[in-house]
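Structure first, then comments.
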Amino acid sequence: MPELPEVEAVCRRLRAEAIGAGIVQLRVERPRTTWPQRPSWVERQVAGSILERVERRGKHIVLRLSGDRAIRVHLRMTGKLYVIPDVRFRPPATRAWMELSGGRGLIFEDSRALGKLHVYRGRELDQALEDLGIEPLSKEFTAGWLVAAASRSRQPAKLFLMDQRRVAGLGNIYAAEALFRAGIHPARPVNRIRRSRIEALHRVIRSLLEEAVASAVLAYSEPGAVGEAESFPCAVYGREGAPCERCSRKIRRIRQGGRSTYFCPGCQRSSSHSG
DNA sequence: TCGATCCTGTAG
DNA sequence: CTACAGGATCGA
């Protein structure tokens, strides 16, 4: 379920609930979850360590452990990572889990089982993350950076935004929402978009993500909330056929890179001369 | 740069 | 039954 804002919410909650906890044991229920690492090896690396820090890089969750170990979790489409009070009561779709000190459980639940969990020692983690692009909420992500990156690519705007090697953390929803706010047609090659509009795109990516993080954190802090942060009010995503909130034209859906793209044909024109 | 693929669940 | 799902990777 997660893009950057939801992953960020998960990280914050884990920090509040699990920092300092001992990891009594890790169990991998599904070998493919840690592939190509062997489950038995992964389990051995982690047992007996302390959870010291929780970090986010793009859509990846990094659990820093004592003993110079790190766990990297990617939730993909349907993954959830959360603490339960009693490790004995695990949901059916649990793909991996940790017994924390005191009998609590850290659960990696994932109905579609596309999510991943890997363990790294020392510097190995940096290698695993080296292909990831810039953090869109960092100070390095400037308008100038985006203008330069866009000028070097002929990719359609939406695929450009979703390319994790460029900007890390945007997915199908927030890429579409950002393009709507910036008034950019999702199929438009990024190197043919006016500079001022790329600068606008930079601004809306920031504000959109900040809003979405706030919204996800709020939704995810509700008691009982376990994985969902489906609270963000989308202007285009999932609204095919509904009227655009700005111009009342019908939201359209097209296919890009095998995925659905939603956009407003009135607010996001193929030519750069839209209003 | 595209399509197929990895999986399971749900909606139509 | 088919289509689709907030992701990423692989081979053609």
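In this text the structure is predicted, and so the values were computed from the model without any measurement. Each chain gets a letter, A, B and so on, in the order the sequences are listed, and its residues count up from 1.
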Qualifying ring pair (Phe, Tyr, Trp, His ring centres under 6.0 Å) pairs, either residue in residues 90-130 of chain A, two or more places apart: none
Touch class at under 4.0 angstrom, heavy-atom based, for A:Arg165 against every strand present: nothing
Intra- and inter-strand pairs of DNA chain C in dot-bracket (Watson-Crick or G-U wobble, both distances under 3.5 Å; | for another strand): |||||.||||||
Carboxylate-amine/guanidinium proximity below 4.0 Å for A:Glu8 and A:Arg56: yes
side-chain contact (heavy atoms from CB on, under 4.5 Å) partners for A:Asp86, two or more places apart: A:Arg88, A:Phe89
Most 5' of A:Gly171 and A:Arg253 on DNA chain C, judged by nearest nucleotide: A:Arg253
Atom pair distance, as rounded to whole Å: CH2 in A:Trp35 and C1' in C:dT9: 15 Å
Rounded distance in Å - CD (A:Gln256) to P (C:dA5): 13 Å
Separation of the C1' atoms in B:dC6 and C:dC1, to the nearest angstrom: 22 Å
Protein N or O to nucleotides 1-5 of chain B N or O, pairs below 3.5 Å:
none

Distance in angstrom units between A:Arg57 CZ and C:dG7 C1', rounded: 17 Å
Partners passing side-chain contact (heavy atoms from CB on, under 4.5 Å) against A:Ala242 (at least two apart in sequence or in another chain): A:Arg239
Separation of A:Leu132 CG from A:Arg57 CZ (nearest 0.5 Å): 5.0 Å
Contacts of type side chain to side chain donor-acceptor pair (under 3.5 Å), residue A:Glu17, not counting sequence neighbours: A:Arg13
Proximal nucleotide (of C:dG7, B:dG9, C:dC4) relative to the A:Asn172 side chain: C:dG7
A:Arg112 side-chain N/O to C:dA8 phosphate OP1/OP2 under 4.0 Å: no
P spacing across the pair B:dT1 / C:dA5, given as an integer number of angstrom: 22 Å
Rounded distance in Å - CD (A:Glu29) to P (B:dT8): 15 Å
Side-chain-base donor-acceptor pair under 3.5 Å for A:Arg259 and C:dA5: no
A:Arg76 CZ - B:dC6 P separation (whole Å): 13 Å
Any A:Thr78 side-chain nitrogen or oxygen under 4.0 Å from OP1 or OP2 of C:dA5: no
Phosphate OP1/OP2 of C:dG7 contacted by A:His74 side-chain N/O (<4.0 Å): no
Nearest-angstrom distance from the residue atom CG of A:Leu161 to C1' of C:dG7: 16 Å
Nearest-neighbour nucleotide for the A:Arg95 side chain, C:dA5, C:dA8, B:dT8 considered: B:dT8
Test side-chain contact (heavy atoms from CB on, under 4.5 Å) applied to A:Trp145 - qualifying residues, sequence neighbours left out: A:Ile134, A:Phe141, A:Thr142, A:Ala149, A:Val167
Side-chain N,O (A:Gln164) to OP1/OP2 (C:dG7) below 4.0 Å: no
Listed once per pair and sorted, the ring pair (Phe, Tyr, Trp, His ring centres under 6.0 Å) pairs that draw on residues 7-56 of chain A, sequence neighbours left out: none
Pairwise P distance, B:dG3 and C:dC4 [rounded to whole Å]: 14 Å
Touch class at under 4.0 angstrom, heavy-atom based, for A:Lys116 against every strand present: nothing
Atom pair distance, as rounded to whole Å: CD in A:Glu240 and P in B:dA11: 18 Å
A:Arg253: side-chain contact (heavy atoms from CB on, under 4.5 Å) partners, not counting sequence neighbours: A:Glu240, A:Arg255, A:Ser260, A:Tyr262
Below 4.0 Å: OP1/OP2 of C:dA5 and any side-chain N or O of A:Tyr262: yes
Rounded distance (Å) that lies between atom P of C:dA8 and atom CZ of A:Arg166: 15 Å
Check against salt bridge (charged side-chain N to carboxylate O under 4.0 Å, His left out), A:Lys59 and A:Glu3: CA-CA 6 Å; A:Lys59 302 174 193 169; A:Glu3 298 182 28; 5.7 Å; no
Closest heavy-atom pair and its distance - A:Arg104, A:Ala18: NH2-CA, 4.3 Å
